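Below is one structure, written out as structure tokens; the observations come after it.
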Amino acid sequence: MADVDYATKKDLKTTERNLETSLDKLDEKINQRFDDTTGLIRELIEEFSGRFDNVEQRLDRLEKNYGQPLLTMDKFIARLDREELENSSRDAQLARLEAWAIKVSKKTGIKLEY
């Protein structure tokens with residue numbers, strides 16, 4: 001007959017306790033690693049949050065510093081546009097007046113001097 005080893009109830013209980021102890025240790029190690037990873041993630045989030053806050057503050061300062069000059073330039077450009085429109089209107093009116101003066105000059109025989 002073959003040589004067969006049999007496990008007793010005591011052997012099974014000991015194996016069960018050893019397995020439970022090993023699983024408990026493994027569970028503790030997993031929990032510790034999870035806690036460590038969670039801590040690292042929190043640190044990264046805080047670091048990135050601080051950096052984003054810094055970038056936001058810098059952007060706010062840039063908007064404030066460059067917003068006023070841009071507004072001033074916009075007003076200046078608008079004023080130039082108005083003046084250009086007024087000049088064009090005046091030039092057109094002057095051209096009509098000159099055309100009228102030429103007609104009057106021809107009809108009256110008075111020479112125009114420029």
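When reading the values below, keep in mind they use all heavy atoms of this one structure, side chains included, and skip hydrogens, waters and symmetry mates. What you are looking at is a predicted structure, and each value in this text was computed from that prediction instead of being measured. In what follows, residues are counted from 1 in the order of the sequence shown.
Side-chain contact of D11 with T8: a donor-acceptor pair under 3.5 Å is present, judged by distance alone.
Checked for salt-bridge contact, R51 and E47 meet the test: a charged N lies under 4.0 Å from a carboxylate O.
Sorted by first then second residue, the salt bridge (charged side-chain N to carboxylate O under 4.0 Å, His left out) pairs that include residues 61-76, not counting sequence neighbours, number zero.
L70 and L62 are not part of a single hydrophobic cluster, where members link through side-chain heavy atoms under 4.5 Å apart. No single ILVMFWY cluster, assembled from side-chain heavy atoms under 4.5 Å apart, contains both Y66 and F76.
Atom CG of D36 and atom CD1 of I41 lie 11.0 Å apart (nearest 0.5 Å). Put simply, OG on S105 and CD1 on I110 are 7.0 Å apart, with the number rounded to the nearest 0.5 Å. Atoms CD and OG1, from E16 and T21 in turn, are 10.5 Å apart once rounded to the nearest 0.5 Å. Between the CG atom in N54 and the CG atom in L59 there is a gap of 10.0 Å [rounded to 0.5 Å]. Here L26 contributes atom CG and L19 contributes atom CG; the two are 10.5 Å apart, rounded to the nearest 0.5 Å. A distance of 11.0 Å separates CD of E43 from CD1 of I45, quoted to the nearest 0.5 Å.
A donor-acceptor pair under 3.5 Å is formed between the side chain of T72 and the backbone N or O of Q68.
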When the side chains of residues 83-91 are checked against the rest of the protein, which donor-acceptor pairs come out under 3.5 Å, sequence neighbours left out?
{"from": "N87", "atom 1": "OD1", "to": "R90", "atom 2": "NH1", "distance (Å)": "2.9"}
{"from": "N87", "atom 1": "ND2", "to": "E83", "atom 2": "O", "distance (Å)": "3.4"}
{"from": "S88", "atom 1": "OG", "to": "E84", "atom 2": "O", "distance (Å)": "3.0"}
{"from": "S89", "atom 1": "OG", "to": "L85", "atom 2": "O", "distance (Å)": "3.1"}

_Check against side chain to side chain contact (heavy atoms under 4.5 Å, CB included), K9 and K13_ = CA-CA 6 Å; K9 286 185 179 183; K13 281 288 185 192; 5.6 Å; no

